[in-house]
Each structure stands twice: as C-alpha cells, then as structure tokens.
Amino acid sequence: MNNERYNAREAEPRWQKIWDERGIFATRNDDPRPKYYVLEMFPYPSGKLHVGHVRNYAMGDVVARARRAMGYAVLHPMGWDAFGMPAENAAMERKVHPRGWTYDNIATMRQQLKLMGLSLDWSREIATCDPDYYQHQQRMFLDFLKAGLVERKQSKVNWDPVDHTVLANEQVIEGRGWRSGALVEQRELTQWFFKITAFAQDLLDSIDTLDRWPDKVRVMQRNWIGRSEGLLLRFMLDAKTTPNGESELDVFTTRPDTLFGASFVGISPDHPLATALAAKNPALADFIVQCKRQGTAQELIETAEKLGFDTGIRAAHPLDPTWMLPVYVANFILMDYGTGAIFGCPAHDQRDLDFVRKYGLPVTPVVCPEGQDPKTFVIGDTAYDGDGRLINSRFLDGMTVDEAKGEVTRRLESASQGNRPVAQRQVNFRLRDWGISRQRYWGCPIPIIYCADCGVVPVPVADLPVRLPEDVSFDKPGNPLDRHPTWKHVACPQCGKAARRETDTMDTFVDSSWYFARFTDPWIKTAPTDRTAVDHWLPVDQYIGGVEHAVLHLLYSRFFTRAMQATGHVGLKEPFAGLFTQGMVVHETYRKPDGVYVEPFEVRLENAGDTRRALLASTGEAIEIGPIEKMSKSKRNTVGLDEIAGTAGADAARWFMLSDSPPERDVIWTEDGMQGASRFVQRLWRLTGEMAEMAAKAPDRRPETFGAPATAVRKAAHAALAHVTEDIERLRFNRCVAHIYELANALGAAIGDIVSPAAITPDLAWAMREAANILVVLFHPMMPHLAEECWAALGHQSLVALAPWPTLEPDLLIESTITLPVQVNGKKRADVTVARDAAKGDIEAAVLALEAVAKALEGKTPKKVIIVPQRIVNVVV
RNA sequence: GCCCCUGUGGCGGAAUUGGUAGACGCGCCUGACUCAAAAUCAGGUGGUGGUAACAUCGUGCUGGUUCGAGUCCGGCCAGGGGCACCA
C-alpha cells in the first residue's frame, strides 16, 4: 500500500536523472523501426518558460511517448530560435551583449524544459545563433542565389520606425510592426528578396494535399496567396498626349465584362508613365509628392480620400478605338499589384465610384441585377458588384456576367494590334516576394560583398561562415554592423580590391524556415543536411504550435523547403505532413482598487456559495477580478513554470494543461483546476498502490476463466485502452484525460466492491495486475514521472518509458446482451435488453411487450417499428 | 466590406458524426471520519411540478427536412478570428 503521499518534488528530478543517464530519448538515425517525427515549434529564448509553453510541449510529449510505446522510432528534438530583436533591446537597456543574454536565457529555459520531464533528444539541440547553424543558412542563400531564387531589388518596403528595420508584409499586422507595434511607414530601399512568388501557384495547389492541417490555416494561406484570374489588356495611347511618345498601357482586370462601363484609365503615382510625365509637369510632380507623403502610414491609407490628377493623356477603348478615355494618376492604385494601372468602371467598383463622383466623370451601369428593370436601374452611392445581365454594352447586352467575360476575352485575345494580341489571360497573386534584409545586428549575416568594379559578389563558400563581430556597441540607434569600424571593410573575393560587406542580416524567420531539416542530422559540418537522414525523417509527421504563424513561419517553411529541394538539400517540398495549432493559455486578471495589476500568486481566491472573491494574500485587501485574457507581462497575469514545478509538480501541470478544453481552443488557467490535477495525482498513486497489493497475489499464468468481478475490471481497462489509443492518435487529449478518469473511477469502484480479502480470487488478482499495468501505461505520456513511480510500485524493474503499448483484446468490448433505448414517436419511453445479435422480429416483439410502450401507445396500433441495430428502437404511431 | 469559425448546466466541456443530450472534470450541496481543520470516502447536482415513481420543458433565435436533429438545410442574432484601396 502506498501510505505516503506521492512527493512530486522528490520523485520528478529523480526520474529525470534516470532517463537522462540511460539516454533513452536519444534517437539513432539507423533505427530500423518505422519513423515518426514529432516537433513543437521551437521557442524564442526570451527568458523563462510559462504555462503556455507547458501546454505546447506537453502535447508534443504525449504524442512522442505514445508513439514510442507503439513501436515507432521517434524523433523529438528541441532547439532555440535564438536570433532576434529582444536580445538587442536587452543589450541597449542593460548593457549586456546579445550573445550573452541569449545563451543565459537558453541555459535557464533548457533547465526548465528538463523540469517538465519531456522525452526530448537533447543530443540534437541547436541554436540558430550558433555559427555552426547559420553558416549552412548562408550556404543555402548562395545556392538559392545561383538558382535564381534570391533577388536584390529596389522596392517599397515596410519600415518600422521604432525597431529601425524593414519588415516583411507578413510581419505587418493592421499597419503596425508585429513586435514593436509602431505604425509602419513605406520606404523605397534596395533589399534582398526570396522569390516566394516563383512558387505561388504550387504553394496554392499543394494546400489541397495538406489533409492533416487545420482548415483554418489552409484557408488563411489560400487567402494570403490570393490568386485571381483575369485579363491583361492593352490600351493604345494617343501618342500626341504622352510625354515621350509612349503608345501603349497595360491594364489588369478581373472584370472584362464591365469594359463598356469604363469612364477613365488610372495609373499608380509610382507608375513609370507618371514618373516620366512628372518630369515635365511640375503640377503632377507636386501631386505625386503629395500622394507619397499622405501614404507613409498604413493606417492613413485606409481612410484616405480618393484623389486624382488628369494627365491629359488619352487612351483608346480596346473595343472601340474611337472612344477616348482620360488617363488619371490616382492615389489608390498600387504599383505592385497587376500592372499598376486599371480601367475605372465606377458603376461596379466602389473605389472607382468614389473617385468619379469627385471628378465628375460618367457613371454607366453595365450589369443589371436579375429582376430589375434596366431602364430604372441607377447607381447611387453604392457600386453594384453582384451578378446580373449586361446592359448598355452593345454586343454583350443580355449576356450573364460569365458569358460576357468569356466573350470579351475571346474577342480581345484574337484581336491583334501590332502583331500582338490586345489581351491575354493572366493570373495575379496577392503574395509578394519575401524581403529578408534587416538592418539589425543579431541575425544571420547575408554573405554578400559589394565591389565598385565587380558589383554584387557572393562570399565564396570556402569563406563561410561570415561571422558576426563580437565587439559592437548599442549606445546609438541603427545597425551596429554598419558603424563597426572594420567589419564591413573587406577585399573583393574576385578582384582583391577594397570592397564592402553587406551589413544587413537575414530576417529571423529565415532561421526557423529549415531548422526541422537540420534536426535530422545536426552534426554534419559540410552541408546543411545529410540527404539520407533528411529524406528519412522528413516530413515532420506531427507539428504542433500556435496559429499565429499561419501565414508567417508556416508559409515561409513551405517556400524554403521547395527552394531546398530545387538546390538539392532535401528531396521533398512539403515539410509538415500533420499540423496541429493549439490554443493559448489564458488567465484572469486582478487589479487593486487603484487599478494596478496584481500577479496571480499574490492573490488568494475564496469561494462562498456561487460567488467568488479575490483578496490580496499579504494584507487581505479586496481585489477586483478582471476579464480572462491572454497572458501578458503588462496585465501581470502570467504563470511561470517555476511556481508550479516547485509545488504541485510538472505532472500535475501537464495533466491540467491537457484536460478540460479541447487542445485547439484556449484554456483558462485556474488554481482550482491545478488543485484538481494534484488531487488526481495522489488518487492515482493510492489506487495503483492498492492494486499493486492485489497484483502481488496474482498467479504467473493467465487464468483459464475470469469471474464477474475480474471480467468487469478487464472490460473497463480494455475499453479505456481503446478510447485513449484513438484519442491520442486524433490529438483529443481532453478526452484521453476523461477516459483515464473513468478507468480510475471504475477500478476504485471495483476495489470498493471487495468485501473481504477472501474475495480476492486469483483471477481477480490477475485482472487487477493487468488493469494496473494498462492504467499506468495509458497515463504515462501525460504524467511520466508519476507513471514511473507507479510502475516501480507494481514491481517492474524496467522503465514505463520503455514499456510497449498494451495489446487490446477486442472481444472484451463486445457485450453479449445490449440495452437499447426505446422511443415512441421519437420520445424515449423505455429500455429493452436483448441479445446482441437478436433478430429484428424478436426485438420488435420484446419492445411491444413492454408496459411503458403499451402505455405510451394509448391503445393505438403502431404503424411502423424502426430498429437501428445496436442503436435504438423507435415505435411510430 | 469580404472570407472563416463558434454558440450545449453555475463553469470548462462530452455526445460513437442523424440515434438515450449533459460523459469527465471544476464548483456547489448533504453525509461519514475528525476535538477541529486539511486530506480522504459516500451520495446529490439542467429547469419546472411532485415525498416518490414519474411527467414536462430544454443544445443562441426562427422556419424546414426526417420515424428521429446539438448534429443536415434556409433566414436571423451574438461572440471570436483572418484579410482589407489586390482592380
């Protein structure tokens, strides 16, 4: 009997040490068993772990431990996404070096992860800030460059004025920098880009193959890539009106059907034609300057008024050369989508309508909604973008929108002007190339040298890595690499003359775009990956992380894997076969009457009847319980790992984080929930202790027959086994938890039914031993330390971490008689117990003989009796 | 504005994918043990009526399909998320 309370604080480190010493979670690449790669998104070493990390890693660990038991060679590694801004901010604020700050944090967090008892292969640990890692990234940058997947170009970029760096589109959330929260400005800079658009169509198409990804993420990626099909059409310009005799203008449209509703042609202020004309027209130059000034902050763009400038240029309508349209420069036209030029159809596009109302251009409706009289159909303040029939459109009149699109496309494709078709079908993507240049120190240096004679020169592979200099200062804003006295001054690798290093570093999302591949062989020095290892382990079978990376990390990694495939570093294009996005851990907020937030561990909660109240633990002062929110430093509602591992223990915390809420949803951290988990830890300890006592009396040989009590115990154990196995495979951890509770309840009841020691027959003792073993193996993925302790108490010499998953006896789940609910007219009136394989006629007879059924029938004769085998009986009157 | 998701007891949530709504946990109530508390154990816990057996209503609202709807379809309402001058 386990008389002592289970002491997690003593037991947990003891088992961690044993696992560690025996190296049981280190995975060999030549393991012949089927592979299974489980990965949780690796953490940024920000300082300390909190319960949100516990949830994330506990889920991955359940999968890893269960798959290991099921006979897979499991790869479950851990590393550090170690480059990034916070290290530099710490350097500025605390006068520490980013490297020291980062590695100190890694040491702390590694220690904390070990406290959680995760079954990780620490021999494969990597940190992205280690030159042993980033040199390979530089190597791949050079390979991608050679393959045409990297490009240096001038473009408009998002500039974060607080972090003093450029941000990718994916890193701008509602017009603000994703880290700093500062309003992002537009700047024209020369930058390095990864050509993610080269794979736009494939990235989109392959989403259909990611059948183990959440729909939500797939939808978000589809929207982000944003494919639209349309027509590229050529407008002929009146050369007399253009600055340098230009005679054509290309326009992209998805609505060629509305071409007869055109009332102007619009070009972006950044369009080459606008630039050319501005050189000769000071008023237009002023207007363009005005557009750019007004357009610096994203937030302003969204509320900005539509403004335009009539260039005096005239364009011929593609379907009627005699119809001349005015060409405006308009502030709402984006240069980097389509061609930077549009035709404006105000009746059916709200932006165009707002624009023409201001400049007095005509509004001609050309699509009339079904059922509306074309004579009375007028456009007011709202453009009509729905379906309908064409009007005011000459040969298109009467067609549907789709027919008209087809007709216009056909005509213009076959019409030629100067030996080229007037129009061609085109696909455009919203997705833009990934700008990776960052004007920061703590990142992977871009291995490029600029030479006055040779131009842009890649660093030779033999010279890699390009290491970050150690002696840098953070006393001024801006890039420390750029103002370093010597680092950037190098000899040109080609001509030997004085040249200059690229001082930008790579976006930290590059670092995390391939780490999962590096884990497959982190020891190889000569290449980013060992092809045998990487092709063996990839794809990741189960990837787990936050949904906030749906269009960031998860899209970049898909691109990067394609680029690695194109340059021979991996043999596949989709890195993550299964993806699971877990919810956040949220917590109540607490504030003193003066509005100051109070941390959870300073608060004492009291339940009185249905009401709860919070008191300051130290003084008893009443505290207001605020809304439940995402854990954040500003709301002071975070719960750290140290607070819980040191008291209730890691197992209880893991158990609580996996219980109640479905894993994809947010979970609320509560003291009560944590206590409930702790109680269950003790209950399992007592229960297995009692069962161990009985198990000691069990015969070695399996009994020939089992009595009713033993059979009940065995049925409960095997039912739980079946459920937990399925629920782990489907990542429904909350249901695993419920089924383990059910088994514990059933076993507790079975023990309670034993009236005297004499009732413990050999077959019952044997069943108890079997059930106890099943119970411990079933909960060990969630509470591994407690499981080892119980496993030892059951007399095992080996570790439960190495125990095989129990074998299910399906016969135990099949009952010989079943109880079916009986409905009359769809309302439940009785139960009927019949043989499992009873004939329908027999069931019907049994049902109609029931007193409750007769009563409900009120003497009427049933019209029909519906019998769903093994399910239900419904008598219809 | 467009796209997507969610809505079930006091709370977190189950419901074999169209078949007994409320598994399991938390909280609460009653009892046992205790000088007392903690811990533990036993019982109860959707609403209404009834001592009870039982009856009746009940899955955001509303209509429909069906022998049967939390689950499917139509229309609303509420909450959350994503995208947003993308032509």
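Quick note on labels: first sequence line is chain A, next is B, and so on, each numbered from 1.
A side-chain donor from one of A/Ser228 and A/Tyr337 sits under 3.5 Å from a side-chain acceptor of the other. Side-chain N/O atoms of A/Asn745 and A/Arg683 include a donor and acceptor closer than 3.5 Å.
In terms of polar N and O atoms assigned as donor or acceptor, the side chain of A/Arg686 never comes within less than 3.5 Å of the base of B/U40 in a complementary pairing. For A/Lys863 and B/C67, a side-chain-to-base donor-acceptor distance below 3.5 Å is absent, hydrogens and geometry of angles not being considered.
Using modelled atom types, one side-chain atom of A/Arg654 and one backbone atom of A/Pro781 make a donor-acceptor pair closer than 3.5 Å. Not a single donor-acceptor pair under 3.5 Å links the side chain of A/His553 to the backbone N or O of A/His549.
For B/G31, the base adopts the anti conformation, since its glycosidic angle falls more than 90 degrees from zero. In textbook terms, a nucleotide whose glycosidic angle is within 90° of 0 is syn, and B/U17 is one such case.
Side-chain nitrogen and oxygen atoms of A/Arg430 include none within less than 4.0 Å of the OP1 or OP2 phosphate oxygen of B/A87. Residue A/Arg222 has no polar side-chain atom (N or O) positioned under 4.0 Å from OP1 or OP2 of B/C2. The phosphate of B/A87 (OP1 or OP2) has a side-chain N or O of A/Tyr337 nearer than 4.0 angstrom. Between B/A14 and A/Asn734, a contact under 4.0 Å exists linking OP1 or OP2 to a side-chain N or O. Put simply, A/Lys827 has a side-chain N or O that comes within less than 4.0 Å of OP1 or OP2 on B/C57.
In terms of heavy-atom proximity, A/Asp666 sits nearest to A/Met584 at OD1-N, 2.8 Å. Here the closest heavy-atom approach between residue A/Arg357 and residue A/Ile379 is recorded as NH2-O, 3.0 Å.
To the nearest 0.5 Å, the span separating CD on A/Glu815 from CZ on A/Arg836 amounts to 9.5 Å.
Under the side-chain hydrogen bond (donor to acceptor under 3.5 Å, both in side chains) criterion, A/Thr833 pairs with A/Thr819, sequence neighbours left out.
Within residues 658-668 of chain A, the residues approaching RNA chain B are A/Asp660, A/Ser661, A/Pro662, A/Arg665, by heavy-atom distance under 4.0 Å.
A distance of about 31 Å separates the C1' atoms of B/U20 and B/G75, rounded to the whole Å.
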Subject >> For RNA chain B, the dot-bracket pattern of Watson-Crick and G-U pairs whose distances stay under 3.5 Å, | for other-strand partners >> reply: (((((((..(((......[....)))((((((.......))))))((((....))))..(((((..]....))))))))))))....

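Between A/His317 and A/Phe235, the ring planes are perpendicular. Angles over 60° get that label, and only those under 30° would be called parallel.
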